[in-house]
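This report refers to the structure that appears directly beneath it.
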Number of protein chains: 2
Amino acid sequence: MFSQSEENYLKAIYHLSAISDKGISTNSIAEKLETKASSVTDMIKKLSEKKVVVYKKYHGVHLTEEGSKIAANVIRKHRLWEVFLVDKLNFSWDEVHDVAEQLEHIKSPKLINQIDALLGFPTHDPHGDPIPDKDGNLKTIDKSLLSTLSKNEKGICVGVDDSSSEFLQFLDRKGITLGKQIKVLEREDFDDSFSILIDDKKLSISKKIANNLYIKKT
Amino acid sequence: MFSQSEENYLKAIYHLSAISDKGISTNSIAEKLETKASSVTDMIKKLSEKKVVVYKKYHGVHLTEEGSKIAANVIRKHRLWEVFLVDKLNFSWDEVHDVAEQLEHIKSPKLINQIDALLGFPTHDPHGDPIPDKDGNLKTIDKSLLSTLSKNEKGICVGVDDSSSEFLQFLDRKGITLGKQIKVLEREDFDDSFSILIDDKKLSISKKIANNLYIKKT
DNA sequence: ACCTATTTTTAGACAAGTCTAAAAATTATT
DNA sequence: AATAATTTTTAGACTTGTCTAAAAATAGGT
Ligand SMILES: [Mn+2]
Ligand SMILES: [Mn+2]
Ligand SMILES: [Mn+2]
Ligand SMILES: [Mn+2]
């Protein structure tokens, strides 16, 4: 069995692995978990003992097959709970993360399978992130950051890169929610801002926003 | 904020207080939590520092107003989650306890209030135990152990004293579930067993069972 | 290749929660 | 009231997970 803390480390390493595919550095884990590098080194040794990560001193870690499965399962639980909170309990997408961070550690296979069924076996969480299946496999859909679209390209909002409540509430205020159709009217080379069309309304989108919103081109 | 462990101690003391109303002994807490008396003494000191129990060395503890509220709230969460598991996720009444034991420690007022609403503000858990309201008040219904009924008395099954899955599964096999009408046909003085009528069928009930099943007389 | 800046690991400490074994206090028995 | 049995507390130790400060290794720049 793995402790809450161990699960959080595995999850962090899993997420970091999606970007770099090299050994995951001690510092990057520390930053993600808001802890100190020395704590990370300690924990990594323990996880290495348990055969869920491979550790080469001074050269970072990567997950073993088993470690990867455990991490994917925690992420599966996290995202299913997020869907539950939004679909069944009227939470908004910017309120779910902290609660899911707790719920993801509940140990009961039946519980999460029943939640999965109750929700109709959803494939994505409220932020557009894919939900791993029971074996830990997850299919990534084809999506692009808004910032990579060119003038006149169209698409549907399918996800966010930053799930902070500040960003999500900002999107809410602008009327941007997942599923909405958008079209790029203009790219401003000057400040990398965008002019887009959404709900038949023209909207100005800063560089920062464009770098955190995923679009599925149509 | 209170840790998972602290919450479990408060809950144990709360439950023990329902029976004795004298100072709760170190040993009884240790037994309930399956830990050692020395560990209990340590924890009690900490809880006393935090003003949630009153502690007199060698003479046991009792909850303060605040401690009682915290305990009632944990119990409220435990029982609401149990109802959720049975009503919404097809758990049977003998499967819910261990999962609820984990879920009761999730910290999110909104979460539990929404669960409460989703369930239609239930007043009792699947074992017939009352659910405390938001202020920690709980109304006890008038119920008697089957073992206290006399010949020809009638009533409805409203609760169990022992919630172990062994006992609950035993009741299931006998066809005894909450809400069912029963009538005492005979009391055997020899072994304190009972002969009862349930679903128009005659059933023999041992002393042990009669001591763990609550009836609301009608 | 050498020096410097950065990253990572080690060493030692601490808080929370638990345990065993021994001492102290309470309660029960004669 | 004295002694025996039981309960409770203390003392010291251990585990998990964390931290700070110092040492060691790596990576970068000239
Ligand atoms: Mn978490
Ligand atoms: Mn999410
Ligand atoms: Mn219960
Ligand atoms: Mn419980």
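Here is how names work: the chains are called A, B, and so on, in the same order as the sequence lines, proteins then strands, and each is numbered from 1.
Aromatic ring centres of B:F84 and A:F84: separated by under 6.0 Å.
Between B:D42 atom CG and D:dT10 atom C1' there is a gap of 9 Å when expressed in whole angstrom units. One atom, NZ of B:K45, and another, C1' of D:dT9, lie 7 Å apart when rounded to the nearest Å. One can place CG of A:L47 at 12 Å from P of D:dT16, the figure rounded to the nearest angstrom. Between the CE atom of A:M43 and the P atom of D:dC19 there is a distance of 11 Å, rounded to whole Å. Straight-line distance from the NZ atom of A:K22 to the C1' atom of C:dT8: 17 Å, rounded to whole Å. Rounded to whole Å, atom P of D:dT15 lies 14 Å from atom CD of A:E49.
Residue A:D161 holds its CG atom at 12.0 Å from CD1 of A:I209, rounded to the nearest 0.5 Å. Atoms OG and CG, from A:S17 and A:L63 in turn, are 5.0 Å apart once rounded to the nearest 0.5 Å.
A:K56 comes within 4.0 angstrom of nothing in the nucleic acid, heavy atoms only.
Residues passing the side chain to side chain donor-acceptor pair (under 3.5 Å) test with A:K107, sequence neighbours excluded: A:E7. Partners of A:H97 according to the ring-ring contact (aromatic ring centres under 6.0 Å, His included) rule, which considers only residues two or more places apart in sequence or in another chain, are A:H78.
Taking a 4.0 Å limit (strictly below) on heavy-atom distances, residues 2-10 of chain B reaches DNA chain C at B:S3, B:S5, B:Y9. The stretch residues 28-41 of chain A touches DNA chain D through A:T35, A:K36, A:S38, A:S39, each having a heavy atom under 4.0 angstrom from the strand.
No hydrogens or angles considered: a donor-acceptor pair under 3.5 Å links the side chains of A:S164 and A:D162. The closest side-chain donor-acceptor pair between B:S193 and B:D191 falls under 3.5 angstrom.
Salt bridge annotation for B:K217-B:E153: present, with a cationic side-chain nitrogen under 4.0 angstrom from a carboxylate oxygen.
Contact annotation: B:N27 reaches the phosphate of D:dT8 (side-chain N/O to OP1 or OP2, under 4.0 Å). Taking only side-chain nitrogens and oxygens, A:K57 never comes nearer than 4.0 Å to OP1 or OP2 of D:dT26.
When the options B:D125, B:D133, B:D116 are evaluated for a salt bridge (Lys or Arg N to Asp or Glu O under 4.0 Å) with B:R76, the one that passes is B:D116.
The salt bridge (Lys or Arg N to Asp or Glu O under 4.0 Å) contacts involving residues 87-100 of chain A comprise A:E95-B:K110, where partners must be two or more places apart or lie in separate chains.
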Pairs under 3.5 angstrom, nitrogen or oxygen only, protein versus nucleotides 22-25 of chain C, please.
| unit_1 | atom_1 | unit_2 | atom_2 | d |
| --- | --- | --- | --- | --- |
| C:dA25 | O4' | B:Y58 | OH | 3.4 |

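Within a 6.0 Å radius of NZ in B:K50, more than 12 heavy atoms belonging to other residues, nucleotides or ligands are found.
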